[in-house]
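For reference, the structure is listed below as structure tokens.
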Amino acid sequence: SVVQLRNDINDAKDKVLKRLEKMRKRIKTLPELTEAAVTSSENKELGEIVAQMVKKVGENGHIFVEEGFTFETQTEIIEGMKFGGKVAANFMINNPNRMETKLENIRVLVSNHTLKDIGDFIKPNKGGSIFGDLDATGEKQIVLMAWKFEKKFLNDVADMWRRTGFKIYCIKVPSILTEQLKDIAIYVGAGLCDEHQNMKLTDIALSDLGKVAKLVANAEETILVGGAGKKTEINKRIGEIKEQIKVEKIPEFKPRLEQRIADLASGVGIIKIGHKTQLEQLYVLDKIQDAVLATKEALKDGIVKGGGL
């Protein structure tokens, strides 16, 4: 019986997971974290670098592993923002090996409109759009962040990629809260095109766009680094959310507010891999990326010794 077989497998799975829960060892100290990182990277020096970085940014922080331009491997922590946004269409993924979109020094438009048609951006009487204005400055790409992109809009974007070479990257923010979009707008230094305030897509100007130094997005999350928003405005926003937490009477809502603070204030770690040869660098790059993921999971869920068996 296929049904009985499935039930037996599920029952066995649940028993195994319960046993693993009892067997696992929580990771708390830096030496324990280092042990996990060294085991994964198979290199004591690199393992120590990974463990220290993971300890600093925490289990929910993000770490970029990049190619360095010196012989030495270097690390730094910079301000960044992370939230649950995802790439709206697969053709926008420019790193198929990691199934992610990675962009640098790019303008950002933030809106709570449901984006249905590229024609909705065309200015009445005058013609043209924010995309044409940006293209005229020599910039050939932009990121749109919104709640919903309809199929017709994404088809229009794909057609624009093919016909003109101007690339629109769409990031879907999975929230019905305008407040979260305002958080993003403040971080990137953009004006929110708010449909509830009767703001129109045709009225968007270059001055309404924000900018980020680096953006990485996949099917689960989006990380922004080096937003053009003013530090004072970001801190003010964090203060406002903290005040909301104090007066919030519904316990279920407080974790959402705390998550918004974490999204705005999260640090981003960068490990720049030094190298003597290109082949060596590519090998170490892969090992470090694996070690970062393994070490973050160890910090989050603990370890089971002998797991390699």
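The figures here come from the full heavy-atom set of this structure, side chains too, leaving out hydrogens, waters and symmetry mates. Residue indices begin at 1 and follow the sequence shown.
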Checking [X] side chain against [Y] main chain: does a donor-acceptor pair fall under 3.5 Å?
| X | Y | result |
| --- | --- | --- |
| Asn112 | Glu195 | yes |
| Ser111 | Cys193 | yes |
| Asp194 | Met199 | no |
| Ser129 | Phe121 | no |
| Tyr187 | Gly226 | yes |
| Thr73 | Gly274 | yes |
| Arg26 | Lys300 | yes |
| Gln281 | Gly68 | yes |

Give a yes or no on whether a salt bridge exists between Glu21 and Lys18, defined as a side-chain N under 4.0 angstrom from a carboxylate O. no

Is the count of non-hydrogen atoms from other residues, nucleotides or ligands lying under 6.0 Å from [X] atom [atom1] greater than 12?
| X | atom1 | answer |
| --- | --- | --- |
| Lys272 | NZ | no |
| Lys148 | NZ | no |
| Asn10 | CG | yes |
| Glu150 | CD | yes |
| Lys242 | NZ | no |

Checking Glu35 now: which residues fulfil side chain to side chain donor-acceptor pair (under 3.5 Å) with it, not counting sequence neighbours?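 Checked Glu35 against side chain to side chain donor-acceptor pair (under 3.5 Å); zero matches.
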
Output all residues satisfying side chain to side chain donor-acceptor pair (under 3.5 Å) with Asp117, sequence neighbours left out; order by chain, then residue number.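 Scan of Asp117 (side chain to side chain donor-acceptor pair (under 3.5 Å), adjacent residues dropped) gives Lys152.
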
Quick one, [X] and [Y] - any side-chain contact, counting heavy atoms below 4.5 Å?
| X | Y | result |
| --- | --- | --- |
| Ile204 | Leu209 | yes |
| Leu215 | Met145 | yes |
| Val108 | Ile171 | no |

Side chain to side chain contact (heavy atoms under 4.5 Å, CB included) between Phe131 and Thr164: does it pass, once the steps are laid out? CA-CA 11 Å; Phe131 310 125; Thr164 69; over 6 Å; no

Can you give the donor-acceptor pairs under 3.5 Å from side chains of residues 134-143 to other protein atoms, not counting sequence neighbours?
from	atom 1	to	atom 2	distance (Å)
Asp135	OD1	Lys140	NZ	2.7
Thr137	OG1	Leu134	O	2.5
Glu139	OE1	Arg107	NE	3.4
Glu139	OE2	Arg107	NE	3.3
Glu139	OE2	Arg107	NH2	3.2

State, to 0.1 Å, how close [X] and [Y] come at their nearest heavy-atom pair, and which atoms those are.
| X | Y | result |
| --- | --- | --- |
| Met53 | Ile270 | CE-O, 3.6 Å |
| Leu33 | Ala51 | CD2-O, 3.6 Å |
| Ala291 | Ser41 | CB-CB, 3.9 Å |
| Gly85 | Thr222 | O-OG1, 3.0 Å |
| Thr202 | Ile122 | CG2-O, 3.0 Å |
| Ala190 | Val110 | CB-CG2, 4.4 Å |

Could you grab the distance from atom [atom1] of [X] to atom [atom2] of [Y], nearest 0.5 Å is fine?
| X | Y | atom1 | atom2 | result |
| --- | --- | --- | --- | --- |
| Lys55 | Leu30 | NZ | CG | 6.5 Å |
| Leu264 | Asp183 | CG | CG | 4.5 Å |
| Leu46 | Ile288 | CG | CD1 | 4.0 Å |
| Glu67 | Leu285 | CD | CG | 6.0 Å |
| Ile223 | Ile63 | CD1 | CD1 | 11.0 Å |
| Phe83 | Leu181 | CZ | CG | 8.5 Å |

Can you list the other members of the hydrophobic cluster that holds Leu279, where links are side-chain heavy atoms under 4.5 angstrom apart?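 Once heavy-atom contacts under 4.5 Å are chained together, Leu279 still belongs with nothing else.
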
The criterion is salt bridge (Lys or Arg N to Asp or Glu O under 4.0 Å); which residues satisfy it with [X], sequence neighbours excluded?
| X | result |
| --- | --- |
| Asp120 | none |
| Asp208 | none |
| Lys25 | Glu32 |

Quick one: ring pair (Phe, Tyr, Trp, His ring centres under 6.0 Å) partners of Tyr169, sequence neighbours excluded? Trp161

With side chain to side chain contact (heavy atoms under 4.5 Å, CB included) as the test, would you mind laying out the steps for Val216 and Val225 before giving the verdict? CA-CA 9 Å; Val216 175; Val225 177; over 6 Å; no

Look at the side-chain heavy atoms of Ile, Leu, Val, Met, Phe, Trp and Tyr, link any pair under 4.5 Å apart, and say whether [X] and [Y] land in one connected group.
| X | Y | result |
| --- | --- | --- |
| Phe91 | Met160 | yes |
| Leu154 | Leu144 | yes |
| Ile27 | Val57 | yes |
| Ile238 | Leu257 | yes |
| Phe253 | Ile245 | no |

Step-by-step side chain to side chain contact (heavy atoms under 4.5 Å, CB included) determination, Asn218 to Met99: CA-CA 6 Å; Asn218 55 33; Met99 287 303 291; 5.9 Å; no

Quick one: do Lys123 and Asp133 satisfy side chain to side chain contact (heavy atoms under 4.5 Å, CB included)? Show the steps, please. CA-CA 11 Å; Lys123 299 173 184 177; Asp133 295 344; 2.8 Å; yes

Contacts of type side chain to side chain contact (heavy atoms under 4.5 Å, CB included), residue [X], not counting sequence neighbours:
| X | value |
| --- | --- |
| Ser207 | Ala205 |
| Asp8 | Gln4 |
| Glu42 | Tyr283, Lys287 |
| Ile186 | Glu233, Ile234, Arg237 |

Evaluation steps, salt bridge (Lys or Arg N to Asp or Glu O under 4.0 Å), between Glu179 and Lys182: CA-CA 5 Å; Glu179 292 302 310; Lys182 285 182 180 177; 3.6 Å; yes

